[in-house]
4 protein chains.
Amino acid sequence: MAGNTLGRVFTVTTFGESHGPALGCIVDGCPPGLELSEDDLQRDVDRRRSGTSHFVSQRREADQVKILSGVFAGMTTGTPIGLLVENTDARSRDYDKLSDRFRPGHADYTYAHKYGHRDHRGGGRSSARETVMRVAAGAIARKYLAGRLGLRISGYLSQIGALQLAPLQPESAYENPFFCPDPARVPELEKLLWGLRSAGDSVGARVTVRADGVPPGLGEPVFDRLDADIAHAMMGINAVKAVEIGAGVGAITQRGSEHRDELTPTGFLSNNAGGILGGISTGQALLVHVAFKPTSSIQVPGRTIDLAGNAVEIVTTGRHDPCVGLRATPIAEAMLAIVLLDHYLRQRAQNADVRAGVPDIESHKR
Amino acid sequence: MAGNTLGRVFTVTTFGESHGPALGCIVDGCPPGLELSEDDLQRDVDRRRSGTSHFVSQRREADQVKILSGVFAGMTTGTPIGLLVENTDARSRDYDKLSDRFRPGHADYTYAHKYGHRDHRGGGRSSARETVMRVAAGAIARKYLAGRLGLRISGYLSQIGALQLAPLQPESAYENPFFCPDPARVPELEKLLWGLRSAGDSVGARVTVRADGVPPGLGEPVFDRLDADIAHAMMGINAVKAVEIGAGVGAITQRGSEHRDELTPTGFLSNNAGGILGGISTGQALLVHVAFKPTSSIQVPGRTIDLAGNAVEIVTTGRHDPCVGLRATPIAEAMLAIVLLDHYLRQRAQNADVRAGVPDIESHKR
Amino acid sequence: MAGNTLGRVFTVTTFGESHGPALGCIVDGCPPGLELSEDDLQRDVDRRRSGTSHFVSQRREADQVKILSGVFAGMTTGTPIGLLVENTDARSRDYDKLSDRFRPGHADYTYAHKYGHRDHRGGGRSSARETVMRVAAGAIARKYLAGRLGLRISGYLSQIGALQLAPLQPESAYENPFFCPDPARVPELEKLLWGLRSAGDSVGARVTVRADGVPPGLGEPVFDRLDADIAHAMMGINAVKAVEIGAGVGAITQRGSEHRDELTPTGFLSNNAGGILGGISTGQALLVHVAFKPTSSIQVPGRTIDLAGNAVEIVTTGRHDPCVGLRATPIAEAMLAIVLLDHYLRQRAQNADVRAGVPDIESHKR
Amino acid sequence: MAGNTLGRVFTVTTFGESHGPALGCIVDGCPPGLELSEDDLQRDVDRRRSGTSHFVSQRREADQVKILSGVFAGMTTGTPIGLLVENTDARSRDYDKLSDRFRPGHADYTYAHKYGHRDHRGGGRSSARETVMRVAAGAIARKYLAGRLGLRISGYLSQIGALQLAPLQPESAYENPFFCPDPARVPELEKLLWGLRSAGDSVGARVTVRADGVPPGLGEPVFDRLDADIAHAMMGINAVKAVEIGAGVGAITQRGSEHRDELTPTGFLSNNAGGILGGISTGQALLVHVAFKPTSSIQVPGRTIDLAGNAVEIVTTGRHDPCVGLRATPIAEAMLAIVLLDHYLRQRAQNADVRAGVPDIESHKR
């Protein structure tokens, strides 16, 4: 009800504030018998970590993930997996002068309305720092999906401001701090970001994530369609303003004869659907695009009100990214992994008996 | 788990196939003491009904909604409300020739994979006909929200193909069969649709829905944010490929200094957020854009495979819309109403004690 | 949230009041490919039906169950199964004189407090009539469990007042109107009931249900243990005041050396556990005892208050059973079937990969 | 789905094994603005702690509870409350010799069947040690209920073996290590326990918990009745074999004229219902009885099988209680507190608008 749990069978419940003693989560429903170590989680958490370039928040956290339960002798036991990351580099004083006013574009005003009493330090619960636990939990889902199904999740920065980035070398996205899928464009990106930094401003971005090797049949119509649950998960990442599947908003101007993906004995002829029809995976690659708004914490002075309702000016200092989308790729990948494992388990709950006897036109296993 | 229930406190569970004896739903968790009659539901259901223009499916259903429980002496009792609509104009024979092949862009292939055994008649469970019950249930939510909170939900067709439709007279959207918010543009629309009909083709569309008078504080971070649950609900409508909140994909190219909505004692200065910050409503108008793919049932011949995996040609006959987005407005409005009432009840579950003492800068009550 | 849904994967959501137009339910999450007809449901519903002896409510309902969706060509499709039973013999006038006062032992007072506005006719939603839908839904679960797992559920009246009834011929319980498992005791039972009828009074009862052929491994600790979910389901039947598993309250006076069920290569040596250890099924027979309070609708005058809070006298007329436990056996069996199928599907969601390699000491398949 | 979460609005999700590094839980949905410190939790946890007498497990754990999130400046913020207790006195070697055989009466055999791979040390997840977190979470619920509603929860040992203990001085239950509600009987209890210890055996017990000041109207029929959810919660405590409400199994032999609780303008004349009618609280005291089986870890040798299915003998050494019921009182109280707060919040979600206008015949507020 209070919405800190994601998933139905494979569930992730997180806790923790930006400047509290620790962040943590409970991963429940993980199948037993999965080899799992802290290193498996650390790899993904490190990809997400701040401080990896000049252009993301300069807060320096080790983000060391501890597994507190649910793993015995190197394998998951099927019981809940408790994870913990301690906060060590919180500088709460940076936020003291913000405690009496609402930062525009931030959750300050809405948390105050909803809960009355809030931890304002570093955004408290609404801080992007909370996503550390999503990445750690997502790493568990990823490992299961890769090992048992050969399912592979990848992502990259597909647009920043007006700069569109084609996935010419998508695997290179894992090798630069911007998750840029085309190494030749990295200098352009750096230039854009230095310009923003000088201006004390920020810009929006689009992140694309895909999954290859998704078995057909995942998704629970009519409401918990696979695309609906992906939209829920992605829109649940901080700063997201739009989620698109396959052709996305581009489908608005398409003709039916162009959009529909024809089937042939050797496979679909296109993938406007983004791998989902009627809310259920087709076996094609899953394609998801996520739009991030520009960071609201900028040095450009802005108007706001204080707790008493008076007009005041605000300038955000502290350590912030000029583009929140820059380090969102691992988070979006983690969210997709969690949704896919959850749906894989949901699917076999009801339908493990099914022998479809349907032509499997595109090998979805790698 | 099987995903036929929407909501957590105010829940809507639907059943029924396109060509089965009836469609129905159970609305649970409705507050007691709400005056409710079948007429209240019929009004919205009639808006959605097929056959209202030349350009939507020619199936003629009375769509007479019956209330079977949960209402006594004209008022809801707080017990589950059972709703029923009988199917009377199903022509299953139209579909007989489609039972052995998978229509491109349809859920045929994926339902077959998921469940093994499916009711192919008229799309079975995946038919848009199922949305009748959503509209009926949404009408209950709407009535509560309007009466108790003064909250008003409205919508319109904001784009069809390349034609963008500005809401010059949004209330006029209720007076033409296209939900066009600018009566001067209706002739253009008709021309576009006649062209599509001649070509046996279809086109995509964008529908915009808004809610005015939303109280601040609705939404359950970090996962069940108001925008996340709206995205889930909207992506759960047939044929939807993208959901945007406020500036949506437009936020990608915005600067932070442009996107953030500044606050003043008399209100926010803009609404790029679309009424939601940190996953919680701000009290501003809620703005949601939904992208629909073009109808896949078209007369243009296409390639597909049959049950045995052989290549075959397909031409969809039967009664279909050249643009599914055309009658989607009442459905999107209903989904928004359900999500908002559900979140209003969720909010008061945990936070009814809160006396925020926060400036309420924009009157959200009408 | 509003609690009209039972189960997590195999879910049953019911609606309907005693004197409304119809009762109904939606069974969601049923595995596809199960042969199912209305006759399958009717058999169990008929067992439960009132009017089968002199000693149960004289209301005469046909209780004809209709399947409205989810079954195509004689097999379940995996989509929600809508069920409907029309009310035809409601005599609301019998209840008119009760509308202004609260019947002791009934839900009148509490429904009025909770919802403010209630349908008082025949107990409205709190009537035992609502259990028709549970029996119909349970019949679906039973058929799946019997066909796929060889799991068999049976039950009988094990005590009525001071009369303890040993299961000498448990299968005979299906052949007399009292579900008495020892035909020789039926005359005693009749005598007891005629006595109660003359006195206008009623008496409590205990019903025992068991399941044979339960696979080991069902149950989701630490909270949704199999026994915990059975307790929830059974305590959710009208008039139940206690639920016992295996030795039940008898365990209080047992020694550990007596209670613990020792294991041998050929099986457990006893079954004090009632087939559940640590909240998980052992593979032994599941044993559940359910205590029913005496019917509160009796002819003995009693004291109560009216809507204005004044002391008044009450005598319940209308058509009522001298012992609600008398027809509870099919209901308790249905609830057990629903819980078991739900847990079977939950188990395979998380643990379908498990190859336990554990000795299976007692064949649980029949 | 994996069942480690209790509650719907006020939810408690636990993790941790007996011999792992730590136990923890996330309490989500707690209303904001509640004053809360670690001391508030420690008080209840200390009551439950082992090592408080000669007759409970000699494991010595400090059980120091840490609050990791959700509390700021001494008050809850409405965000998830993370709790942690480190394990410091686990002696895993005691269990090494048990890793290859299944202890009778324990969850060893069933966990092995369900999950394949298990942490056998100290019972792993099935250890009663896991209940520490329930008590800590329950303390939060208790504090809210006491402060806002004046609701008070108390409990005591009402039977151990054949010894029935009347609540002559119920408040004294908090002052002796057995939770005995009659100080005069403590010597008898000690004698019984020394006898068991000498025999290396154990015995069962009954614990009674009650709640005074429960508002009328709590409970969500037809399935999530207050009594059904209490039964679920109590049966979810380790070693419980029966749950009774009010008259409980005693209702079987009662007449209707005796059982029904008559109403008068000054209150109910009896409380056989145990404070619940039709699944909804009446405003009377809530009465719950819980039956615990005797500890299965005893020194009396027993028969069992090993992993290979061979017959072997087993003698449980290690540190164990001769009666698990002895320290169950705080756990049962905690479970009741969690269920009641959850239902209080559920009730106001749907029914906060209700102005019942019904006579409130017994003051339920203290």
Side-chain angles (χ1 to χ4, degrees), chain A residues 2-3 6 104-105 107 110 112-114 116 126 159 161-162 201-202 204 206 216-217 220 223-225 227-228 231-232 235-236 241-245 248-249 251-257 259-260 262-263 265 277-278 280 291 293-296 298 300 302-305 309 311 354 356 358-359, chain B residues 2-3 6 104-105 107 110 112-114 116 126 159 161-162 201-202 204 206 216-217 220 223-225 227-228 231-232 235-236 241-245 248-249 251-257 259-260 262-263 265 277-278 280 291 293-296 298 300 302-305 309 311 354 356 358-359:
Chain A
L6 184 68
T110 53
H113 260 292
K114 183 173 189 72
S126 72
Q159 187 173 349
D201 212 340
S202 63
R206 172 186 267 127
E220 301 293 333
F223 296 118
D224 293 349
R225 294 161 191 254
D227 38 3
H232 171 263
M235 198 68 94
K241 299 307 290 179
V243 181
E244 303 172 84
I245 306 291
V249 297
I252 297 170
T253 52
Q254 287 181 315
R255 290 289 167 105
S257 52
H259 178 89
R260 67 172 169 182
E262 292 175 292
L263 295 85
L277 282 174
I280 300 170
K293 71 176 188 183
T295 317
S296 300
I298 53 179
V300 182
R303 280 171 287 180
T304 191
I305 57 171
V354 172
V358 171
Chain B
L6 185 69
T110 52
H113 260 292
K114 184 176 188 71
S126 71
Q159 186 173 350
D201 212 340
S202 62
R206 173 185 267 126
E220 300 293 333
F223 296 117
D224 293 350
R225 292 160 191 255
D227 37 4
H232 172 261
M235 198 67 93
K241 299 307 290 178
V243 181
E244 303 172 83
I245 305 292
V249 297
I252 297 170
T253 51
Q254 287 180 317
R255 290 290 168 105
S257 51
H259 178 88
R260 65 172 173 185
E262 293 176 293
L263 296 83
L277 281 174
I280 301 170
K293 71 176 186 183
T295 316
S296 300
I298 53 179
V300 183
R303 278 170 290 179
T304 191
I305 56 172
V354 171
V358 171

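Lettering follows sequence order; numbering is per chain, from 1.
Nearest heavy-atom pair, A:Thr110 versus B:Leu277, reported as atom, atom and distance to 0.1 Å: OG1-O, 2.9 Å. What you find for A:Lys114 and B:Ile280 is that their closest heavy atoms are CD-CD1, 3.7 Å. Residues B:Val249 and A:Val249 come closest through the heavy atom pair CG1-CG1, 4.4 Å. In this structure, B:Glu220 and A:Ala2 approach most closely via the heavy-atom pair OE1-CA, 3.7 Å. Closest approach of B:Ala251 and A:Pro294 over heavy atoms only: O-CD, 3.5 Å. Shown here for B:Gly278 and A:Ala107, the closest heavy-atom pair between the two residues is CA-CB, 3.8 Å.
Contact tally against chain A (heavy-atom pairs below 4.5 Å) for B:Ala291, B:Ser126, B:Ala228: the top residue is B:Ala228. The most heavy-atom pairs under 4.5 Å with chain A, out of B:Arg255, B:Lys293, B:His259, come from B:Arg255. Comparing A:Ala162, A:Gly302, A:Gly116 by heavy-atom pairs within less than 4.5 Å of chain B, the highest count is held by A:Gly302. Taking B:Ala112, B:Pro104, B:Gly105 one by one and counting their heavy-atom pairs under 4.5 Å with chain A, the maximum is reached by B:Pro104.
Contact of A:Ser257 with chain B is made through backbone and side chain together, with heavy-atom distances under 4.5 Å. Of the atoms belonging to B:Asp201, it is side-chain heavy atoms, and not backbone ones, that fall under 4.5 Å from chain A.
In this structure, the side chain of A:Thr304 does not engage the main chain of B:Leu263 through any donor-acceptor pair within 3.5 Å. Between the side chain of B:Arg225 and the backbone N or O of A:Gly236, at least one donor-acceptor pair lies under 3.5 Å. Using a distance-only test at 3.5 Å, with no hydrogens or angles considered, a donor-acceptor pair links the side chain of B:Glu262 to the main chain of A:Arg303.
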The test is side chain to side chain contact (heavy atoms under 4.5 Å, CB included); show your working for B:His113 and A:Val354 and say whether it passes. CA-CA 8 Å; B:His113 260 292; A:Val354 172; over 6 Å; no
Could you walk me through whether A:Glu244 and B:Val243 pass side chain to side chain contact (heavy atoms under 4.5 Å, CB included), step by step? CA-CA 7 Å; A:Glu244 303 172 84; B:Val243 181; over 6 Å; no
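The shortest distance between side-chain heavy atoms of A:Asp224 and B:His232 falls below 4.5 Å.
The side chain to side chain donor-acceptor pair (under 3.5 Å) test applied to B:Lys241 returns no partner, not counting sequence neighbours.
A distance of 6.0 Å separates CE of B:Met235 from CG of A:Asp227, quoted to the nearest 0.5 Å.
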